[in-house]
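Reminder, nothing fancy here: chain letters follow the sequence lines and each chain counts from 1. Quantities reported herein were computed from a predicted structural model and do not represent experimental measurements.
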Number of protein chains: 2
Amino acid sequence: MEEREISKAVIKRLPRYYRYLGELMENGVERISSGELSKRMSVTASQIRQDLNNFGGFGQQGYGYNVKYLYEEIGKILGLDKKHNMIIIGGGNLGQALANYVDFEKRGFYIKGIFDVNPILKGLSVRGIQIHMLEDLESFIKDEDIQIAALTLPKSKAEEMTKLLVQYGIKAIWNFAHIDLDVPSDVLVENVHLSESLMQLSYNITRYEKEHPRS
Amino acid sequence: MEEREISKAVIKRLPRYYRYLGELMENGVERISSGELSKRMSVTASQIRQDLNNFGGFGQQGYGYNVKYLYEEIGKILGLDKKHNMIIIGGGNLGQALANYVDFEKRGFYIKGIFDVNPILKGLSVRGIQIHMLEDLESFIKDEDIQIAALTLPKSKAEEMTKLLVQYGIKAIWNFAHIDLDVPSDVLVENVHLSESLMQLSYNITRYEKEHPRS
DNA sequence: TAGATTGTTAATCGATTAACAATC
DNA sequence: TAGATTGTTAATCGATTAACAATC
């Protein structure tokens, strides 16, 4: 059953709320009002209340929000209370950088293996995570119940690899390749296009320099 | 002088247009209509024309757009026709992954150096890019005319490093740390929050599973 | 010229902000 | 109870889509 659709804009803000609430918790703050949070995060209080009320009433009139409770509830909305098994496709620098990033595990994302075509990497491991060859991919996905594949390959290889991943039953792809993946509608894709991010920065630099010419 | 402000949504789409036009060029396509491009990119033709007309009329009635011309014009809008000197702050895996990424240079982004606090890395280099110690940072930024710093440090160090970078006159920060940087208004920041991206994917997986329960 | 397709205005849609009654 | 602050409706703002005259 389809519940009312939540807009992408709202989803994009949730992790940021989650991060701020986590910091508040660390600082021992127990309750916070939308007004106070709005100041810290530089968003309107109205937006915070609207966003949260897409998922239910987490606050209390006259009191505000309980930080720990709201943190946990947003965590649940984001699915961080569940375990997600991941693999990394591509044992290059970026793949290894992701493998080395321990914080993912704190959020429920477990990197179970790294896959590469380069036989030189065979048997090596990164932070205890073994690098496997492609021939093991299918059985690994099934045996280890892998949901997510992080795709850190050059564009040229990313396309065929995606076909395999879909065929082997992957549920979601975290895509770092500079290409729009073509997948069936039951496979989810989240893109991280680094060069596009850098181009946006470049645009802003260029515009800023036009508006503020140096003497 | 302030020209009419271009919305963030438009800027975010420009690099994707640029990528598609680049691919069309590689395939020897000389002209394309907004209608044809809209099919390939899965956006509306109307949006393409609106987006482009923020910057000027690049097309011709009855003909469409010249691919090479439009590619170059979008490149100019994004500032890719200019050289941008970059440094990477943080010689860890992510920093090295960025340093190894050659495509940045094709777009005018030159990585001039990597900086780290770890003396073990001193004098090493990645793809010919030397790793320097922090004491050289100030002079390096000035001597090498560095505009952009890619910040690939843990949250704890990112804050103080940002202060230094600002003090030393950096123009823009490409931020990979999980923190919102506090900078003066003349320093531009572009964030890449990997864990937030992964959380969005997690949300979508969770929602999908709710809507499509397994038998 | 006739057909195609842009540039641009107008209409629609959706997201953000403001306001305030409900209520803790 | 009085004050504070939410949840939610209404108003505003901005972005997307549709439509079409201009024109190549």
Side-chain angles (χ1 to χ4, degrees), chain A residues 2-17 20-21 24 29-74 77 200 203-204 207, chain B residues 2-17 20-21 24 29-74 77 200 203-204 207:
Chain A
E2 191 115 9
E3 311 203 345
R4 76 221 119 105
E5 188 79 18
I6 310 291
S7 87
K8 262 192 164 182
V10 174
I11 305 311
K12 220 177 154 180
R13 285 192 291 267
L14 287 182
R16 188 155 176 267
Y17 292 138
Y20 271 82
L21 289 164
L24 286 168
V29 178
E30 271 180 27
R31 49 175 273 201
I32 193 152
S33 68
S34 58
E36 176 60 22
L37 190 57
S38 100
K39 272 188 231 154
R40 296 183 186 237
M41 296 187 64
S42 304
V43 296
T44 63
S46 201
Q47 180 164 77
I48 293 173
R49 295 203 300 278
Q50 284 279 24
D51 283 353
L52 297 178
N53 276 89
N54 280 301
F55 304 97
F58 301 122
Q60 199 163 81
Q61 283 98 328
Y63 173 88
Y65 299 87
N66 178 289
V67 171
K68 186 158 182 288
Y69 174 68
L70 186 55
Y71 176 81
E72 282 166 2
E73 288 302 309
I74 294 180
I77 292 165
Q200 287 175 60
Y203 171 85
N204 286 318
R207 189 208 48 181
Chain B
E2 190 115 8
E3 312 203 345
R4 77 221 120 103
E5 188 78 19
I6 310 291
S7 88
K8 262 193 165 181
V10 174
I11 304 312
K12 220 176 156 182
R13 286 192 291 267
L14 287 182
R16 189 155 175 265
Y17 293 139
Y20 271 84
L21 289 163
L24 287 167
V29 178
E30 271 180 25
R31 48 175 275 202
I32 193 153
S33 68
S34 58
E36 175 61 22
L37 190 58
S38 98
K39 272 188 231 156
R40 296 183 186 239
M41 296 186 65
S42 305
V43 295
T44 64
S46 200
Q47 181 164 74
I48 293 173
R49 295 204 299 278
Q50 284 279 24
D51 283 353
L52 297 178
N53 276 89
N54 280 301
F55 304 97
F58 300 123
Q60 199 162 80
Q61 284 98 330
Y63 172 87
Y65 299 87
N66 179 288
V67 171
K68 185 160 183 290
Y69 174 69
L70 186 56
Y71 176 82
E72 281 166 1
E73 288 302 310
I74 293 179
I77 293 164
Q200 286 175 61
Y203 170 84
N204 285 317
R207 190 208 48 182

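We find that OH of Y69(B) is positioned 14 Å from P of dC24(D), with the value rounded to whole Å. The CD atom of Q47(B) sits 21 Å away from the P atom of dA10(C) (whole-angstrom rounding). In this structure, I48(A) atom CD1 and dT17(C) atom C1' are separated by 13 Å, rounded to whole Å. Rounded to a whole Å, the CG atom of N54(B) is 12 Å from the C1' atom of dT8(C). E5(B) has its CD atom 16 Å from the C1' atom of dC13(D), to the nearest Å. Rounding to whole angstrom units, CG of residue L52(A) and C1' of dT8(D) are separated by 13 Å. In this structure, CD1 of I11(A) is placed 11 Å from P of dA15(C), rounded to the nearest angstrom. The CE-P distance, from M41(B) to dT16(D), rounds to 13 Å in whole Å.
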Polar atom pairs (N or O), protein with nucleotides 2-6 of chain C, under 3.5 Å:
residue	atom	partner	partner atom	Å
dT5(C)	O4'	G62(B)	N	3.0
dT5(C)	O2	G62(B)	N	3.4
dT6(C)	OP1	S34(B)	N	2.6
dT6(C)	OP2	S34(B)	OG	2.6

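Rounding to the nearest 0.5 Å places CZ of R16(A) at 12.0 Å from CD1 of I74(A). Taking OG of S34(A) as the start and NZ of K39(A) as the end, the distance is 11.0 Å to the nearest 0.5 Å. Rounding to the nearest 0.5 angstrom, the gap separating the OH atom in Y20(B) from the CG atom in L37(B) is 9.0 Å. In this structure, the separation between CD1 on I77(A) and CG on L70(A) is 8.0 Å, given to the nearest 0.5 Å. The distance from atom NZ of K12(A) to atom OG of S7(A), rounded to the nearest 0.5 Å, is 11.0 Å. To the nearest 0.5 Å, atom CZ of residue R31(A) and atom CD of residue Q60(A) are 9.5 Å apart.
For S46(B), no side-chain nitrogen or oxygen approaches OP1 or OP2 of dA18(D) to under 4.0 Å.
Taking every side-chain heavy atom of Q50(A) into account, dA10(D) is the closest of dA18(D), dA10(D), dA15(D).
Across all strands shown, dC24(D) pairs with dG3(C); the Watson-Crick or G-U wobble distances both stay below 3.5 Å. Figure legend. dA18(C) is base-paired to dT9(D); pairs are counted as Watson-Crick or G-U wobble with both atom distances under 3.5 Å.
When atom types are taken as modelled, the side chain of D51(A) and the backbone of I48(A) share no donor-acceptor pair closer than 3.5 angstrom.
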